[in-house]
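What you see below is based on every heavy atom in this structure, not just the backbone, and it leaves out hydrogens, waters and symmetry mates. First the proteins, then the strands, lettered A, B, ... as listed; each starts at 1. Everything numeric in this text was worked out from a predicted model, so none of it was measured.
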Number of protein chains: 2
Amino acid sequence: MNSENFLVDYFSQYMTLSEEEVNIIKSEDIIREYKKGDILLREGQLAKECFLVLKGCVKRYYLDDGEEKIVEFYTENDPISPVSYITKEPSQYNISCIEPSIISTGTEERTQRFLQKFPRFVPIFIKIGESLTAEKQVFLDEVKNLSPEVRYQKLLETKPDLINRVPQYMIASYLGIQPESLSRIRKRLWSDT
Amino acid sequence: MNSENFLVDYFSQYMTLSEEEVNIIKSEDIIREYKKGDILLREGQLAKECFLVLKGCVKRYYLDDGEEKIVEFYTENDPISPVSYITKEPSQYNISCIEPSIISTGTEERTQRFLQKFPRFVPIFIKIGESLTAEKQVFLDEVKNLSPEVRYQKLLETKPDLINRVPQYMIASYLGIQPESLSRIRKRLWSDT
DNA sequence: TTCATTTCTTAACCCAAGTCAATGAAAAGG
DNA sequence: CCTTTTCATTGACTTGGGTTAAGAAATGAA
């Protein structure tokens with residue numbers, strides 16, 4: 001239950017860690033706890049940190065005419081690498097916790113140092129970045145060509161937990177539809193048995 | 001009108017080139033001409049090259065139930081870095097010319113060598129990649145939250161030439177709608193004066 | 001518990017996109 | 001040049017999401 005083991009567990013998904021690596025990760029790791037509603041990054045700010053959600057749930061969103069448009073949800077083991085963190089330009093998005101969350105924080109400087117010391121991690125980092133890019137493209141194709149109903153079904157399959165822990169109006173926002181529409185979709189799917 | 005100057009022009013957009021750099025670029029550059037319909041990359045193949053469109057027009061698409069879904073158009077000065085080129089996994093997409101085109105071809109090996117020799121180009125390469133990522137996110141948000149009609153209008157603004165050089169049914173495919181719908185959208189916009 | 005607030009559902013109506021079918025226009029090929 | 005094929009438009013109809021408004025259900029605070 002020691003929270004300092006979260007990050008070790010994360011990397012263990014991808015590779016077997018040596019004792020030295022485990023120790024470095026433990027010692028380097030900065031883990032913070034956040035309350036529901038806490039903000040990790042504000043629109044207009046420069047992101048100086050990237051994140052890894054160890055526990056909890058986080059949303060990335062922007063405000064369009066006062067209305068919150070949710071772009072992405074992050075839960076356990078999801079890395080968050082804000083565009084602003086990479087480009088050094090002010091963020092277009094807000095990132096905030098929608099549950100009490102435990103989150104590991106990375107900085108450029110510490111990441112560099114870590115990768116220099118353990119170069120065998122570099123390909124993993126690259127691979128993670130690539131698969132995120134590929135996922136995003138597939139997702140765009142789906143949004144363009146599939147109905148909200150089908151996309152909701154896909155979401156049920158790929159992230160079944162989300163539906164139980166996130167209010168429906170946020171799911172609707174994420175799908176790009178109104179809460180009323182999502183309600184009808186659910187009704188339709190249910191009656192089709 | 002010497003075609004070997006295209007690539008030099010491309011980089012000149014971003015920085016002033018020394019004579020040595022110009023010469024290297026000219027000598028290294030591999031430029032090929034393609035006919036309408038020629039295929040740059042096939043679904044299932046491994047991309048060993050990346051591209052820069054110097055002249056002409058290229059589409060990236062996939063087949064869904066025999067139907068062509070266009071993901072992106074590339075025209076003059078657009079770089080094409082296939083996901084497959086980066087991940088070394090078989091391509092999910094086809095890339096082919098929809099006009100006679102002149103295209104510069106890059107390989108991993110030559111790019112590495114070039115960047116090693118002229119490290120000052122590295123940040124430019126990174127910057128181009130980043131801005132593509134950011135653009136893609138914005139585009140995803142638009143697809144999710146804007147109507148096809150508004151997206152068509154945006155396309156008219158951002159790539160006014162496309163509408164004149166690409167058949168409408170391809171524009172429709174790119175927008176994720178049926179040709180009939182695009183036809184009606186155009187009619188609507190016209191009658192609104 | 002009770003009350004207030006937030007979240008979810010339902011209904012009625014409108015409008016835009018999908019579908020199918022027919023026709024008109026434009027390009028391509030001989 | 002004419003023919004054939006491809007592409008674009010239009011109409012009639014269906015369907016599903018947006019909007020507005022109302023009420024039900026869940027949540028939380030006092």
Starting at atom CG of B:Leu189, determine the distance to atom C1' of C:dC15, rounded to an integer number of angstrom.
-> 15 Å
Does OP1 or OP2 of C:dA17 have a side-chain N or O of B:Arg188 closer than 4.0 Å?
-> yes
Among B:Tyr61, B:Tyr74, B:Phe73, the one residue meeting ring pair (Phe, Tyr, Trp, His ring centres under 6.0 Å) with B:Tyr174 = B:Phe73
note: B:Tyr169, atom OH; D:dT5, atom P; distance rounded to Å ~ 16 Å
Is a side-chain N or O of A:Ser101 found less than 3.5 angstrom from the main chain of A:Ile103, in a donor-acceptor match?
-> no
Tell me: CD1 of A:Ile98 to P of C:dT7, nearest whole Å?
-> 12 Å
Expressed in angstrom and rounded to an integer, what is the separation of A:Arg151 atom CZ from D:dG17 atom P?
-> 10 Å
Go through C:dA17, D:dT9, C:dC8 for me and flag the one nearest to the B:Gln168 side chain.
-> D:dT9
Given atom CE of A:Met170 and atom P of C:dC8, what is their separation to the nearest angstrom?
-> 9 Å
B:Tyr10 and B:Ile126: same hydrophobic cluster, using ILVMFWY side-chain contacts below 4.5 Å?
-> yes
Criterion side-chain hydrogen bond (donor to acceptor under 3.5 Å, both in side chains) on A:Asp141 and A:Gln137, from CA distance to verdict = CA-CA 6 Å; A:Asp141 297 341; A:Gln137 178 64 59; 3.0 Å; yes
Measure from CD1 on B:Ile185 to P on D:dT10 and round the result to the nearest Å.
-> 14 Å
Between A:Ser173 and A:Glu68, is there a donor-acceptor pair closer than 3.5 Å when you use the side chain of the first and the backbone of the second?
-> yes
Check whether any side-chain heavy atom of A:Lys36 sits under 4.5 Å from a side-chain heavy atom of A:Cys97, and report yes or no.
-> no
Could you tell me whether the phosphate oxygens of D:dG11, OP1 or OP2, come under 4.0 Å of any side-chain nitrogen or oxygen in B:Lys187?
-> yes
Across the strands shown, which category fits B:Leu182 at heavy-atom distances under 4.0 angstrom: base, sugar-phosphate, nothing?
-> nothing
Whole angstrom is fine here: how far is it from OH in B:Tyr152 over to C1' in C:dA17?
-> 16 Å
Heavy-atom protein contacts under 4.0 Å, nucleotides 18-23 of chain D, coded B base, S sugar-phosphate only, - none = BBBB--
Side-chain heavy atoms of A:Val58 within contact of A:Tyr34, under 4.5 Å = no
Protein-nucleotide distance (A:Lys144, atom NZ; C:dA17, atom P), rounded to Å = 16 Å
